[in-house]
Amino acid sequence: MNNLNEVEQKVAESLLQIKAIKLQPKNPFTWASGWKSPIYCDNRITLSYPAIRTYMRQKLSKLIQEEFGSVDMISGVATAGIPQGVLVAQDLGLPFSYVRSSAKDHGRQNMIEGEVVSGQRVVVVEDLISTGKSSLIAVKALREAGCNVVGLVSIFTYGFDEAVKNFADAKCTFHSLCDYNALIEVAAKNGFIFEEDVDLLKEWRTNPSEWSPAV
């Protein structure tokens with residue numbers, strides 16, 4: 001314990017307290033992919049808590065400044081990355097755009113909404129990273145539009161090996177305020193889970209597609 005930095009600790013505590021993250025190792029959720037999961041994360045809930053929303057905005061903005069320096073635009077990943085991205089762009093006084101999961105089938109058939117200028121240094125904002133595939137669709141679209149995507153930031157990441165590989169293959173740096181290991185440490189310390197559940201939760205992260213709870 002006590003290996004966490006202040007931001008990891010605060011973000012994990014906040015997400016657990018407002019139930020943006022729920023842990024149910026013995027009664028797992030089923031994701032859209034069909035995976036059985038002991039964790040469910042919905043960071044949109046942070047938007048309903050002004051103090052937490054402000055903290056996330058401030059820390060994402062600071063993370064961008066520290067890791068990427070001068071940036072020309074913030075871009076959010078539809079849909080959950082849009083409000084977080086708007087907050088950060090406002091905080092930093094920067095232009096904002098967002099990227100759809102696919103191009104519209106009517107009108108201008110845009111995939112990117114907002115004004116994009118070739119050569120802009122762009123940081124993508126996401127609320128959550130699982131495998132990273134949806135995030136990297138947005139990165140690819142921005143690059144194809146001529147943007148220099150210098151990296152991506154998120155509130156939380158599960159820390160899957162698949163995500164690390166996907167971002168490395170795409171040559172895209174990413175940083176998160178909090179990760180799964182930090183969350184489990186804080187959850188155990190604060191009584192959100194039993195100590196006996198920690199190993200079970202850690203096993204899930206190493207092989208999520210094959211995991212099933214102990215009966």
Side-chain angles (χ1 to χ4, degrees), residues 1-33 35-64 66-67 74 76-88 91 123-132 134-135 152-160 162-164 167 174-195 197-206 208 211 213:
M1 295 291 181
N2 300 322
N3 298 320
L4 309 180
N5 65 43
E6 180 185 340
V7 174
E8 288 175 320
Q9 178 97 16
K10 175 71 172 176
V11 170
E13 287 175 353
S14 297
L15 295 177
L16 288 163
Q17 285 166 358
I18 65 174
K19 298 183 179 178
I21 286 183
K22 296 180 181 179
L23 294 167
Q24 296 180 186
K26 293 184 174 67
N27 183 27
F29 303 94
T30 302
W31 286 3
S33 62
W35 289 3
K36 294 293 184 183
S37 170
I39 180 172
Y40 186 78
C41 181
D42 182 3
N43 290 330
R44 295 175 184 86
I45 295 172
T46 63
L47 300 166
S48 298
Y49 293 82
I52 293 173
R53 181 181 71 210
T54 297
Y55 185 82
M56 301 295 183
R57 182 200 81 215
Q58 291 171 339
K59 296 308 175 185
L60 284 170
S61 297
K62 184 178 180 183
L63 183 61
I64 289 169
E66 289 178 347
E67 297 294 340
I74 301 297
V77 181
T79 59
I82 295 174
Q84 306 294 349
V86 168
L87 291 167
V88 169
D91 205 32
V123 171
V124 177
V125 173
E126 181 68 283
D127 75 321
L128 168 70
I129 296 173
S130 54
T131 64
S134 59
S135 305
L152 179 146
V153 296
S154 69
I155 293 174
F156 184 75
T157 177
Y158 291 116
F160 293 146
E162 182 179 351
V164 174
F167 275 91
F174 73 100
H175 301 278
S176 295
L177 297 181
C178 184
D179 64 19
Y180 186 75
N181 288 337
L183 179 87
I184 299 308
E185 186 171 327
V186 171
K189 181 180 178 182
N190 290 279
F192 287 95
I193 54 173
F194 297 111
E195 283 289 344
D197 293 329
V198 170
D199 288 343
L200 185 65
L201 286 159
K202 288 183 176 179
E203 286 170 12
W204 171 79
R205 197 197 67 79
T206 60
W211 180 87

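In what follows, every heavy atom counts, from backbone to side chain, and hydrogens, waters and symmetry copies are set aside. In what follows, residues are counted from 1 in the order of the sequence shown. Because the structure is a prediction, the values reported are computed rather than measured.
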Could you check whether any side-chain N or O of [X] sits under 3.5 Å from a backbone N or O of [Y], counting only pairs where one atom can act as donor and the other as acceptor?
X      : Y     : result
Tyr40  : Gln24 : no
Asn5   : Val7  : yes
Asp197 : Pro25 : no

Which atom of [X] lies closest to which atom of [Y], heavy atoms considered:
X      : Y      : value
Asn43  : Asp127 : ND2-O, 2.9 Å
Gly132 : Ala163 : N-CB, 4.4 Å
Gln84  : Ala80  : CG-O, 3.8 Å
Pro28  : Pro38  : CB-N, 4.2 Å

Pairwise side-chain contact, [X] with [Y], heavy-atom cut-off 4.5 Å (strictly under):
X      : Y      : result
Ile129 : Leu152 : yes
Leu201 : Ile39  : no
Leu87  : Val125 : no
Ile45  : Ile52  : no
Arg44  : Thr79  : yes
Glu126 : Ser134 : yes
Leu200 : Trp211 : yes

Parallel, tilted or perpendicular, as decided by the 30° and 60° cut-offs, for the rings of Tyr180 and Trp204: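 The rings of Trp204 and Tyr180 sit tilted, inter-plane angle from 30° to 60°.
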Mutual orientation of the aromatic rings belonging to Phe160 and Trp35 [parallel < 30°, tilted 30-60°, perpendicular > 60°]: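 Rings of Phe160 and Trp35: perpendicular, over 60°.
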For Val86, side-chain contact (heavy atoms from CB on, under 4.5 Å) partners two or more places apart: Ile82, Phe96
Test side-chain contact (heavy atoms from CB on, under 4.5 Å) applied to Asn181 and Arg205, step by step: CA-CA 9 Å; Asn181 288 337; Arg205 197 197 67 79; 3.9 Å; yes
To the nearest 0.5 angstrom, please state how far the [atom1] atom of [X] sits from the [atom2] atom of [Y].
X      : Y      : atom1 : atom2 : answer
Thr46  : Ile155 : OG1   : CD1   : 4.5 Å
Cys178 : Glu13  : SG    : CD    : 10.0 Å
Lys26  : Phe194 : NZ    : CZ    : 7.0 Å
Ser154 : Leu128 : OG    : CG    : 7.0 Å
Asp199 : Ile184 : CG    : CD1   : 11.0 Å
Leu16  : Phe192 : CG    : CZ    : 5.0 Å

Derivation of the side-chain contact (heavy atoms from CB on, under 4.5 Å) call for Ser176 and Phe156: CA-CA 5 Å; Ser176 295; Phe156 184 75; 5.9 Å; no
Steps toward side-chain contact (heavy atoms from CB on, under 4.5 Å) verdict (Tyr158, Cys41): CA-CA 10 Å; Tyr158 291 116; Cys41 181; 3.4 Å; yes
Check against side-chain contact (heavy atoms from CB on, under 4.5 Å), Val186 and Glu8: CA-CA 9 Å; Val186 171; Glu8 288 175 320; over 6 Å; no
Atom pairs and distances, donor-acceptor, side-chain atoms in residues 53-60, under 3.5 Å, two or more places apart:
residue, atom, partner, partner atom, Å
Arg53, NH1, Leu47, O, 3.0
Thr54, OG1, Pro50, O, 2.8
Arg57, NE, Asp91, OD1, 3.4

CZ (Phe29) with more than 12 external heavy atoms under 6.0 Å: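 For Phe29, atom CZ is crowded (more than 12 foreign heavy atoms under 6.0 Å).
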